[in-house]
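Below is a structure I'd like to ask you about.
When a ligand or atom number is given, it counts from 1 through the structure's own listing order.
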Amino acid sequence: MAASASYLSLVVLVALAAVVSGQLSPTFYDTSCTRALATIKSGVMAAVSSDPRMGASLLRLHFHDCFVQGCDASVLLSGMEQNAIPNNGSLRGFGVIDSIKTQIEAICAQTVSCADILTVAARDSVVAVRISSYDPRRAIMEVPLGRRDSIDANEAAANSDLPGPTSSRSDLELAFSNKGLLTVDMVALSGAHTIGQAQCGTFKDRIYNETNIDTTFATSLRANCPRSNGDGSLANLDTTTANTLHNAYYTNLMSQKGLLHSDQVLFNNDTTDNTVRNFASNPAAFSSAFTTAMIKMGNIAPKMGTQGQIRLSCSRVNS
Ligand code: HEM
Ligand SMILES: *[C@@H]1O[C@H](CO)[C@@H](O)[C@H](O)[C@H]1NC(C)=O
Ligand SMILES: *[C@@H]1O[C@H](CO)[C@@H](O)[C@H](O)[C@H]1NC(C)=O
Ligand SMILES: *[C@@H]1O[C@H](CO)[C@@H](O)[C@H](O)[C@H]1NC(C)=O
């Protein structure tokens with residue numbers, strides 16, 4: 001009963017997403033490149049098994065693509081957005097996408113966009129790291145496809161539109177609402193911070209100066225993140241498990257163990273506290289909200305039809 005009800009809501013969700021996004025459709029490559037999705041999936045699985053952090057890095061890459069002129073692979077172009085403050089020295093996974101693209105070009109020339117490869121890679125990354133006991137059908141997320149690639153990128157927009165680790169709760173809400181996402185989407189997507197790592201420079205002020213942080217947690221982080229220097233040393237975003245996507249993120253926030261300032265503001269005696277409590281106590285509610293929000297994020301301003309191009313190589317526009 002429960003399984004078929006959630007399957008039904010997934011079908012409705014996918015149908016809704018297709019309507020909202022115009023001609024994007026989960027079956028977009030079913031005839032033009034039948035092996036596209038399997039090729040992306042095996043590329044992601046191989047990359048994640050040799051580097052467990054890669055799932056996190058690919059998920060973040062998709063977010064940073066979508067928030068800057070839509071999900072159009074602008075972030076994959078060499079230089080440009082990659083030099084923006086939230087990206088430089090911190091985004092990872094370009095090589096994985098480039099190598100999947102090379103494999104796909106060999107089977108279907110100039111057919112599958114880099115924007116779609118990145119969208120599917122982010123989805124497959126979530127599948128690779130999810131806790132399967134949630135609801136596998138929801139976690140699998142049939143993502144709408146048919147995006148085309150940009151012929152440009154926008155470093156200034158990457159600096160202005162991506163939220164940063166010192167953002168306040170209202171900054172975060174604004175950054176997401178500017179992209180058509182709700183506060184509940186923002187809280188759910190922040191749950192991505194249950195995987196991957198952050199550099200000391202992004203949380204230093206928090207562990208030395210903030211008061212809404214668990215003392216033992218702060219002390220243990222200081223060992224590898226000195227007051228001066230060491231800005232590049234890494235800490236897991238989720239203190240409990242680094243490579244599993246689950247709702248522990250929200251339980252951590254409730255015990256003042258959010259790593260970034262922008263994490264802890266979601267549970268700081270304020271308007272998003274109840275959503276955090278709900279996701280902490282109800283894994284299915286988190287899983288469902290995360291899936292919905294991922295699809296919404298993937299549908300931000302896609303280029304379709306005759307807009308943009310299908311790049312031959314993800315790191316540069318066609319000559
Ligand atoms: C809510 C606003 C957000 C802020 C302020 C934020 C900020 C950050 C920062 C500062 C880092 C560490 C980067 C570094 O030190 O190299 C990070 C890592 C990460 N972020 Fe976010 N983020 C946000 C939302 C998201 C969203 C929506 C997603 C995806 C759905 C996401 C996925 C990730 C992942 C997976 C990592 C770890 C990446 C890795 O290990 O390579 N973040 N984020
Ligand atoms: C990006 O980072 C590199 C290495 O840290 C640095 O040399 C370069 O100046 C940075 N680029 C920008 C635009 O800040
Ligand atoms: C903490 O606050 C002090 C006083 O405002 C400031 O000088 C320092 O740069 C802040 N950050 C760290 C990591 O100590
Ligand atoms: C939470 O906010 C309310 C209203 O602003 C205040 O009365 C209360 O003392 C705060 N509680 C904590 C634990 O900060």
Would you name the heavy atoms of Q103 and T39 that are closest together and state the gap between them? OE1-CG2, 3.7 Å

Quick one: which of G164, G89, A175, S167 has a heavy atom closest to atom 5 (C) of ligand 1? G164

Output, by chain and residue number, all protein N/O/S atoms separated from atom 21 (Fe) of ligand 1 by less than 2.8 Å.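 Near atom 21 (Fe) of ligand 1, below 2.8 Å, one finds H193 NE2.
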
Hey, is the main chain of P283 close enough, under 3.5 Å, to the side chain of S287 for a donor-acceptor pair? no

Is it true that a side-chain atom of R148 and a backbone atom of S113 form a donor plus acceptor pair closer than 3.5 Å?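 No, because the side chain of R148 does not come within donor-acceptor range (under 3.5 Å) of the backbone of S113.
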
side-chain contact (heavy atoms from CB on, under 4.5 Å) evaluation trace for M297 with D185: CA-CA 9 Å; M297 183 169 82; D185 299 322; over 6 Å; no

May I ask you to decide if the ring planes of F63 and F176 are parallel, tilted or perpendicular, using 30° and 60° as cut-offs? parallel

Less than 4.0 Å is my threshold; does some heavy atom of F176 fall inside it relative to ligand 1?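 Contact present.
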
Looking just at side-chain N and O atoms, do S90 and R60 make a donor-acceptor pair shorter than 3.5 Å?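 Checked: S90/R60 side chains pair up, N/O donor to acceptor below 3.5 Å.
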
Those atoms of ligand 3 less than 4.0 Å from some heavy atom in D205: 10 (C), 11 (N), 12 (C), 13 (C)

Considering all heavy atoms of both residues, which atom of S168 and which atom of V265 are nearest to each other, and what is their separation?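 So the two residues come closest at C-CG2, 4.2 Å.
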
At what distance is the nearest protein heavy atom to atom 35 (C) of ligand 1, and which residue and atom is it?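 The protein heavy atom lying closest is A56 O, 3.1 Å.
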
In ligand 1, the atoms that come under 4.0 Å of a heavy atom of S90 are 13 (C), 14 (C), 16 (O)

Short side-chain donor-acceptor distance under 3.5 Å, D205 and H261: no

Main-chain N/O of A73 paired to R147 side chain as donor or acceptor, under 3.5 Å: no

Which atoms from ligand 1 have a heavy atom of L172 less than 4.0 Å away?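 Listed by number with element, the hits are 1 (C), 2 (C).
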
Under a 3.5 Å distance rule, please check whether S262 uses its side chain to pair with a backbone N or O of S167 as donor and acceptor.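 Looks like no, no N/O pair under 3.5 Å.
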
Using a 4.0 Å cutoff against the non-hydrogen atoms of S57, which atoms of ligand 1 qualify? 39 (C), 41 (O)

among protein heavy atoms, the one nearest atom 2 (C) of ligand 1 is P163 CG, 3.4 Å

Which residue and atom name correspond to the protein heavy atom nearest atom 16 (O) of ligand 1, and how close is it?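 Its nearest protein heavy-atom neighbour is Q199 NE2, 2.9 Å.
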
Looking at every non-hydrogen atom in both residues, tell me the closest pair between N154 and E81 and how far apart they are. N-OE2, 2.9 Å

So if I count the atoms of ligand 3 from 1 in the order they appear, which ones are less than 4.0 Å from some heavy atom of R227?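 Within the 4.0 Å cut-off of R227, ligand 3 contributes 12 (C), 14 (O).
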
Under 4.0 Å, heavy atoms only, figure out whether ligand 1 is touched by the backbone of R53, its side chain, both or neither. side chain

Report yes or no: do T166 and R206 form a side-chain donor-acceptor pair below 3.5 Å? no

Between D51 and R53 (side chain of the first, backbone of the second, donor and acceptor by atom type, cut-off under 3.5 Å), is there such a pair?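 Present.
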
Are side-chain N/O atoms of Q307 and D72 paired as donor and acceptor at under 3.5 Å?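 There is no such pair (donor and acceptor under 3.5 Å, judged by atom type) between the side chains of Q307 and D72.
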
Would you tabulate the polar-atom pairs, meaning N/O of ligand 2 against N/O of the protein, with distances under 3.5 Å, reported to 0.1 Å?
| residue | atom | partner | partner atom | Å |
| --- | --- | --- | --- | --- |
| ligand 2 | 2 (O) | N88 | OD1 | 3.1 |
| ligand 2 | 2 (O) | N88 | ND2 | 2.3 |
| ligand 2 | 11 (N) | N88 | ND2 | 2.9 |

With a heavy-atom distance limit of 4.0 Å, tell me whether S262 approaches ligand 1 through its side chain, its backbone, both, or neither. side chain

Among side-chain atoms of N252 and D238, is any donor-acceptor pair under 3.5 angstrom?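 Yes - a donor-acceptor pair under 3.5 Å links their side chains.
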
